[in-house]
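Encoded as structure tokens, the structure appears first; notes follow it.
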Amino acid sequence: MNKKNQFIIMLQVILIGGLAKMMSLLTKIIMTRELGLEAMSLFSLVNPLILLLLTLSSLSLQNAIGSLISKNPEKKIHILKSALIITIVISVFLMISLLILSRFISNYLFNNPNIYPSIIASIFIIPLTSISSIIKGYFLGIGELKLSSFSQIFEECGRLLFLIIILTLLSNLDSSIKSSIAIFSLCVGEIFQITYLLVFYKNTNLSKFKRFFQIKTISENYYSDILKISIPLTLSRLVGSLTYFLEPIIFTMIMGSLGFDNNTIAIHYGILNSYALPLLLLPGFISLTLSNLLIPNLGKNIRLNNYNACYKYLLKITFICFLIGLSISIFFYFTSDYLTTLIYGQNYGSNIIKKYSFFFVIYYIETPLITAMTIFNLNKKAFSSTVISSICRILLMFYFIPIYKIDGLCISIIASTYVDVFLNIIHLLIFFKRNNIVPFFFNKQ
């Protein structure tokens, strides 16, 4: 693929991803305005649990399948069926476990019985996320990036339609029920996305489905190959998800010891996670979209043993992500008050956005680095980086939150991300050096 075609594909997936993100933002606006601050605060408290469930249920299959299929395209059906069997076992286990532990989590871990309906609603997203990860991993592996990007638009359309109908018909609901409806909208979105991927893929036909079920996975399976990639990557994400899961618990505990009541704590945390962070991380879709381009391109060059091309392509994608992130940070800094009022109808979180906008530039280069480490089988290194940065995050929370309250939490989040990115860059530089690739800033020519 020449540079012109690469640029066209890159531009297309960014534009499609941008449209999907605009739909996501519209959904977010409707949610925050219709649900209200109290319901959104409950939703934000459950979000870390949802992320933990998504990490466990997806088992990083999207990256594992995409990586394996890009390197072994002739074995894609075998890889898919092996992944499906793995995900069925995991989904059933997680659903039963969450059902049993739901009361304990709401009453004792979060010390807030109002989030119980939201936890029950979270059960349904587990199998849907698993199936979606397998399908998207397949399309990433065969290079159907535009289809995966379009499916995100369809997903947001489903969520938006569901929220408009339900919140219009049932407007006078308790905040805990409204929070659970917001979680159900995630399930509806996944259903719409899965449907789109299966129905609109140009090569979908009955003979392929028949062949899929005729494959004997006993004679030729890819369980070990999938798990060899997915488990280290999942462990890395699991550490991050567990840290995020502990975040509201630690924040609630520390703020409670300082004399704040549960409602005030939930509102402070809700403003950060439901209003400020979604805007600060909004352009992250660009990094994710560009990172998806790495999977087929790096996989192809690895097959050809062309690590110099891998290095140049990774450098280009990372630099583009940085420039985009820097531009958006400047925009957020000068428009935070106007932006939050325009989107949410209130200026909740505007001071946080202005204060920390430039520090969040680091988030835009984190995704391509992690994706590259997956393709290069550096998952164990990525896991060690995540463990170190997560430990730093928890320790910093205990130090900064008593002093700076919600700002202490922001500082802890940002500092741990810088640690993670710095360590991943070191691991990648060592990898390229071992493959006789000298970084441009070390090259004297």
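Along the sequence shown, the residues carry numbers beginning at 1. Any value given below was found using the heavy atoms of this structure, including those in side chains, with hydrogens, waters and symmetry copies removed.
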For this session: Answer yes when D337 and K354 have at least one side-chain N-carboxylate O distance shorter than 4.0 Å, and no when they do not.
Result: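 Between K354 and D337 there is no salt bridge, as every charged N stays at least 4.0 Å from the carboxylate O atoms.
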Could you point out which residue of [options] forms a side-chain contact (heavy atoms from CB on, under 4.5 Å) with [X]?
X: F139; options: I65, L197, I69; answer: L197
X: V46; options: S106, P117, S118, S180; answer: S118
X: S58; options: I131, T129, I90; answer: T129

Problem set entry | Aromatic plane relationship, F431 with F376 - under 30° parallel, 30 to 60° tilted, over 60° perpendicular |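 It falls in the parallel class, under 30°.
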For this session: Classify the angle between the aromatic ring planes of F124 and F184 as parallel (below 30°), tilted (30 to 60°) or perpendicular (above 60°).
Result: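 F124 and F184: tilted rings.
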Heavy-atom pair with the smallest gap, counting every atom of [X] and [Y]:
X: S412; Y: M397; result: OG-N, 3.2 Å
X: N424; Y: S385; result: OD1-OG, 3.1 Å
X: G349; Y: A276; result: O-CB, 3.9 Å
X: I401; Y: L409; result: CG1-N, 3.9 Å
X: R159; Y: L186; result: CZ-CD2, 3.6 Å
X: S350; Y: T340; result: CB-OG1, 3.4 Å

For this session: Check whether the side chains of E155 and Y196 place a donor and an acceptor atom closer than 3.5 Å, and report yes or no.
Result: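 Checked: E155/Y196 side chains show no N/O donor-acceptor pair below 3.5 Å.
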For this session: Assess the side chains of S57 and S91: does a donor N or O sit below 3.5 Å from an acceptor N or O?
Result: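 Judged by distance alone, the side chains do not pair up.
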For this session: Please confirm whether Y364 and F322 have ring centers closer than 6.0 angstrom.
Result: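 Not close enough - the centres of the two rings lie 6.0 Å or further apart.
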Problem set entry | Aromatic contact, Y333 with F358 (centres under 6.0 Å) |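 Yes, they do, as the ring centres are separated by less than 6.0 Å.
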Okay, side chain of [X], backbone of [Y]: is any donor-acceptor separation there less than 3.5 Å?
X: S132; Y: L128; result: no
X: T318; Y: L315; result: no
X: Y363; Y: I414; result: no
X: T264; Y: F260; result: no
X: S389; Y: T386; result: yes
X: S185; Y: A182; result: yes
X: T341; Y: Y338; result: no

Problem set entry | Heavy-atom side-chain proximity of I120 to I123 below 4.5 angstrom |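 I120 vs I123: side chains touch.
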For this session: Find out whether E366 and I370 are in side-chain contact, i.e. whether some heavy atom of one side chain is under 4.5 Å from a heavy atom of the other.
Result: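 Heavy-atom side-chain distance check passes, below 4.5 Å.
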Exercise. Could you give the distance from OG1 (T55) to CD1 (I50), rounded to the nearest 0.5 Å?
Worked result: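 Between atom OG1 of T55 and atom CD1 of I50 there are 11.5 Å.
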Problem set entry | Spacing of I411 atom CD1 and Y356 atom OH [to the nearest 0.5 Å] |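 Between atom CD1 of I411 and atom OH of Y356 there are 4.5 Å.
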